[in-house]
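Nothing fancy with the numbering, it's 1 onward along the sequence. As the structure is a prediction and not an experimental result, all values here were calculated from the model. Computed over heavy atoms, backbone and side chain alike; hydrogens, waters and symmetry mates excluded.
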Amino acid sequence: MKTWKDIALVAVILILLEVALSGSIPTTLDGPFEPVTSPLDQIKFRGLAVDVPETDPRVQRRVKGFEPEQISVSLSATEDSVWISWITGDSQIGDDVKPLDPTSVGSIVHFGRNKTALNWKAVGYSLVYNQFFPFEGFKNYTSGIIHHVRLTGLKPSTRYFYQCGDPSVASMSNVHSFKTMPASGPNNYPSRIAIVGDLGLTYNSTSTVAHMQSNNPDLLLLIGDVTYADLYLTNGTGSDCYHCVFNSTPIHESYQPRWDYWGRFMEPLLSEMPIMVVEGNHEIEPQGQRKKFEAYKSRFAFPSVESSSNSEFYYSFNAGGIHFIMLGAYTNFKRSGEQHKWLEEDLASVDRNLTPWLIATWHAPWYSTYRSHYKEAECMRLETEELLYSYGVDIVFNGHVHAYERSNRVYNFTLDECGPIHITVGDGGNRENLAISHADDPGNCPEPASTHDANLGDDFCATNFSVGPAAGQFCWDRQPEYSAYREGSFGHGILEVINQTYALWTWHRNQDLYNSAGDVIYIVREPEKCLFKSRSHESRWIKGFASSLRNVI
C-alpha cells in the first residue's frame with residue numbers, strides 16, 4: 001500500500017519530467033549545444049580571494065584537553081556503514097615538537113537512532129602524522145591524534161545520532177547526527193549532492209559553503225585541492241604563487257595549521273553531512289624522506305578496503321542508485337598499473353540495473369578549454385578514457401581549473417552521443433583566484449611544452465589535434481564544439497538524480513542570490529542508444545528511457 005509520501009514523490013517526479021520535456025529547462029536530449037561563453041561579471045563579482053586569517057573565531061581551537069574537534073562523517077562503500085573521524089589534542093609547530101601518543105586516547109563512538117539512547121558502540125584506530133624538514137629555519141609540525149571509526153550494521157535512509165571521543169578520560173563530543181544513504185536501487189537516490197573543487201579557506205570559500213548549505217545537500221564531493229596549505233612557508237607566510245615567490249627554498253614547504261583551520265571551519269557542516277574527497281595537486285605536500293600526501297592520507301577516512309582498492313588515491317562507493325568512482329590523477333594511472341587494474345574490475349562489478357548511474361571524478365580535467373592547465377592531464381586521458389567510455393560512464397566531475405565548464409557529450413575530443421558529460425567545478429573559492437582566459441582566445445594558445453606537469457607523470461602527451469576542425473593545431477581558434485558552457489565565477493554545483501533516466505544539474509555562482517543558478521540542465525541517460533559492457537562482461541543492449549518512464553508512471 002502506497003503512503004502519502006510515495007504518492008507525493010511520484011507527483012514531484014512527474015512534474016519534473018513534464019517541466020523537462022516541455023522545454024523550460026534544457027535537457028541533454030536537446031544537444032549537442034552551440035558553445036556559450038559567459039563573461040565575468042565585474043560588477044557582481046566579489047573581488048579577490050582573501051584568506052580567512054588564523055584570528056577568525058571560526059578557525060580557532062575551541063575545545064580543551066582531549067575533547068574531540070574537526071569532526072567529520074564519510075561514507076563507506078555501501079549504505080550500511082559510515083566512517084566518523086575527529087582529532088583530539090592540539091597540533092604543534094616549531095623547532096622542537098614532540099608527537100603525541102596515539103594510544104593515549106581511545107577511538108570510540110556511541111551511536112543510536114534515538115538522541116537520548118546511544119546504545120551501540122564502535123571502536124576504531126588512531127594515528128599521528130608529522131612534517132619534518134631537515135633544513136635550518138623550517139618549522140616542523142606534528143598533528144593532534146587523528147581518529148577513524150567505522151560504524152557498521154546501519155539501515156539505509158535512516159538518521160543516527162552519535163558521540164565520539166574517549167569516555168574514560170571524560171572527553172566526549174556533543175551529540176551529532178547523520179543520515180545514511182538510500183539503499184542501492186534504480187529508484188533510490190539522495191535528494192541533493194553538492195560538488196565542488198579547489199575550495200581552500202578564503203572569504204570566497206566561506207561564501208561557497210554558505211550557498212551550498214542553503215541548498216540542503218545530503219552529501220558533499222570535494223574534487224581535490226582542499227586547504228592550499230602548501231602556499232605557505234612553515235612560518236605562516238603565504239603567497240598566491242609559491243614557486244613565483246619562494247623559488248629559493250630547498251624543498252616545497254607547507255603550513256600544516258591551515259589544515260586544522262579548515263577542519264574547524266568545516267566541522268559544523270561535516271559532522272552532520274558526509275564528505276567524500278579525492279586528492280588534488282595541492283595535497284602532494286612533499287617533505288623529507290620522499291613523503292607526500294601525509295595530511296590527505298591521515299585526515300580523511302576512505303572506503304578503500306571496502307571497495308577493494310587498498311589505496312587512499314582511488315576508491316568507489318554507492319549512494320542509492322549511483323555508483324561513484326573516485327580516481328587518482330596524481331598516482332600511477334597507466335594501463336599496466338594497479339589503479340587501472342582496479343578500475344577495470346570495479347567497472348565490471350557494477351550492476352547497472354541496481355545502480356543505473358555511473359559517475360567518475362578526479363582532479364585534473366581532460367576537457368577544459370581554459371588556458372590554465374590546458375591539456376595537462378592528456379596522458380591520463382589516453383590511458384583511461386576508452387575504459388570509462390566502454391562501460392558507459394554518464395558524468396565526469398573535475399576540479400583543478402579555477403572556473404566552471406560543462407561539455408557536450410564527448411569522446412576523444414569528438415562529439416559522441418554515448419560519451420559522458422564532463423563538468424569542471426574547480427571554482428570553490430581558493431586563494432589562487434579565478435581562471436578567466438581561454439586557450440582559444442587570440443594569442444592565448446600555450447606552448448605545448450609548457451603544459452607538462454611532472455606531478456601527472458614523466459611522459460609528455462599533449463600534442464596537436466589529429467582529427468576534427470582543429471586538426472594539426474594545438475588549440476582551437478574558437479570555443480570548441482565539445483564545450484557547451486563556460487564561465488569564470490566562484491561557486492558550487494548541485495546534482496539531483498530524479499530517477500534512472502533524469503538528473504537535474506545546477507551550478508550556483510557565489511555572487512547570485514541563494515535561490516538562483518547560473519547553469520541549469522537535465523542530464524538524460526539514453527542507454528538504449530549505446531552498446532556498453534555489462535556486469536556479465538558481455539556487451540548488450542539495455543533498455544533505459546522507456547522502462548524508466550514506465551516505472552515512474
Side-chain angles (χ1 to χ4, degrees), residues 74-78 81 83 85 148 150 193 195 197-198 219-226 274-285 291-319 322-350 355 357-366 376-400 420 422-426 453 455-457 459 533:
S74 299
L75 299 180
S76 186
T78 52
S81 63
W83 286 92
S85 303
H148 299 300
R150 186 181 174 205
I193 301 170
I195 301 171
D198 304 70
L219 171 65
L220 169 60
L221 266 58
L222 180 48
I223 316 298
D225 286 0
V226 181
I275 180 174
M276 303 304 285
V277 184
V278 69
E279 85 281 359
N281 55 297
H282 285 278
E283 279 72 72
I284 298 174
E285 298 183 311
K291 289 185 177 181
K292 299 179 180 179
F293 296 103
E294 288 297 297
Y296 166 81
K297 292 189 295 184
S298 300
R299 290 176 179 265
F300 296 107
F302 307 95
S304 302
V305 173
E306 301 99 279
S307 58
S308 303
S309 84
N310 296 315
S311 171
E312 300 92 345
F313 300 121
Y314 50 90
Y315 59 91
S316 65
F317 65 95
N318 290 341
I322 311 169
H323 185 74
F324 284 100
I325 298 173
M326 314 290 275
L327 296 180
Y330 299 92
T331 189
N332 185 356
F333 47 69
K334 292 186 176 181
R335 298 187 187 198
S336 58
E338 288 299 315
Q339 178 175 205
H340 197 277
K341 177 182 177 182
W342 168 85
L343 175 60
E344 189 160 15
E345 292 175 351
D346 188 82
L347 287 168
S349 71
V350 176
T355 54
W357 288 87
L358 184 54
I359 297 177
T361 78
W362 59 89
H363 186 58
W366 300 341
E376 199 173 85
E378 184 66 359
C379 288
M380 184 184 182
R381 186 189 70 83
L382 293 173
E383 296 285 345
T384 314
E385 185 177 29
E386 182 182 359
L387 181 59
L388 296 181
Y389 179 83
S390 69
Y391 278 93
V393 168
D394 299 299
I395 312 173
V396 170
F397 289 108
N398 303 115
H400 200 42
H422 288 253
I423 298 176
T424 298
V425 283
D453 182 356
N455 292 318
L456 286 158
D459 297 333
K533 293 180 180 178

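By the 4.5 Å heavy-atom criterion applied to side chains, Leu456 and Glu378 are not counted as neighbours. Annotation: side chain of Ile193 is in contact with side chain of Ile322 (closest heavy-atom distance under 4.5 Å). A heavy-atom distance below 4.5 Å is not found between the side chains of Phe317 and Thr78. A heavy-atom distance below 4.5 Å is not found between the side chains of Tyr314 and Leu343. Side-chain contact between Ser76 and Arg150: present, with at least one pair of heavy atoms (C-beta onward) separated by less than 4.5 Å. Within the 4.5 Å cutoff, no side-chain heavy atoms of Glu338 are placed close to those of Asn310.
Listed for the Asp394 side chain is a donor-acceptor partner under 3.5 Å among the backbone atoms of Leu358. Without hydrogens or angle criteria, Asp225 side chain to His282 main chain gives a donor-acceptor distance under 3.5 Å. Side-chain atoms of Asn398 never come within 3.5 Å of backbone atoms of Ile223 as a donor-acceptor pair (strictly under, hydrogens ignored). Ser74 places no side-chain N or O within 3.5 Å of a backbone atom of Pro274 that could act as its donor or acceptor partner. In this structure, Trp357 contributes its side chain and Ile395 its backbone to no donor-acceptor pair below 3.5 Å.
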- request: Give the intermediate values and the outcome of side chain to side chain contact (heavy atoms under 4.5 Å, CB included) for residues Ile284 and Lys292.
  value: CA-CA 5 Å; Ile284 298 174; Lys292 299 179 180 179; 3.8 Å; yes
- request: Show your reasoning for whether side chain to side chain contact (heavy atoms under 4.5 Å, CB included) applies to Trp366 and Val396.
  value: CA-CA 10 Å; Trp366 300 341; Val396 170; 5.9 Å; no
- request: List the steps and the verdict of side chain to side chain contact (heavy atoms under 4.5 Å, CB included) for Lys533 and Leu347.
  value: CA-CA 9 Å; Lys533 293 180 180 178; Leu347 287 168; over 6 Å; no
query: Hey, mind stepping through Asp459 and Lys334 against side chain to side chain contact (heavy atoms under 4.5 Å, CB included) and telling me if it holds?
result: CA-CA 11 Å; Asp459 297 333; Lys334 292 186 176 181; 3.0 Å; yes
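With rounding to the nearest 0.5 angstrom, the CG atom of Leu75 is 5.5 Å from the CG atom of Leu219. Note that the CD atom of Glu344 and the OG atom of Ser349 stand 11.5 Å from one another [nearest 0.5 Å]. Between atom OG of residue Ser309 and atom OH of residue Tyr315 there is a gap of 9.5 Å, rounded to the nearest 0.5 Å. With rounding to the nearest 0.5 angstrom, the CD atom of Glu376 is 7.5 Å from the CG atom of Asn281. Distance check: His400 NE2 to Trp362 CH2 gives 13.5 Å after rounding to the nearest 0.5 Å. Separating the OG atom in Ser316 from the CE atom in Met276 is a distance of 9.0 Å, to the nearest 0.5 Å.
Among all heavy-atom pairs drawn from Pro303 and Ala77, the shortest one is CB-N, 3.6 Å. The nearest pair of heavy atoms linking Ser298 to Glu294 is OG-O, 2.7 Å. The heavy-atom pair separating Lys297 from Glu312 by the smallest distance is CD-OE1, 3.7 Å.
Taking the six-membered ring wherever Trp is involved, the centroid distance between the rings of Tyr296 and Phe302 falls below 6.0 Å.
Applying the salt bridge (Lys or Arg N to Asp or Glu O under 4.0 Å) test to residues at least two apart or on different chains, none of the pairs has a partner in residues 274-283.
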Under 3.5 Å, which donor-acceptor pairs link side chains of residues 323-331 to any protein atom two or more places apart or in another chain?
unit_1 : atom_1 : unit_2 : atom_2 : d
His323 : ND1    : Asn318 : OD1    : 2.6
His323 : NE2    : Asp346 : OD2    : 2.7

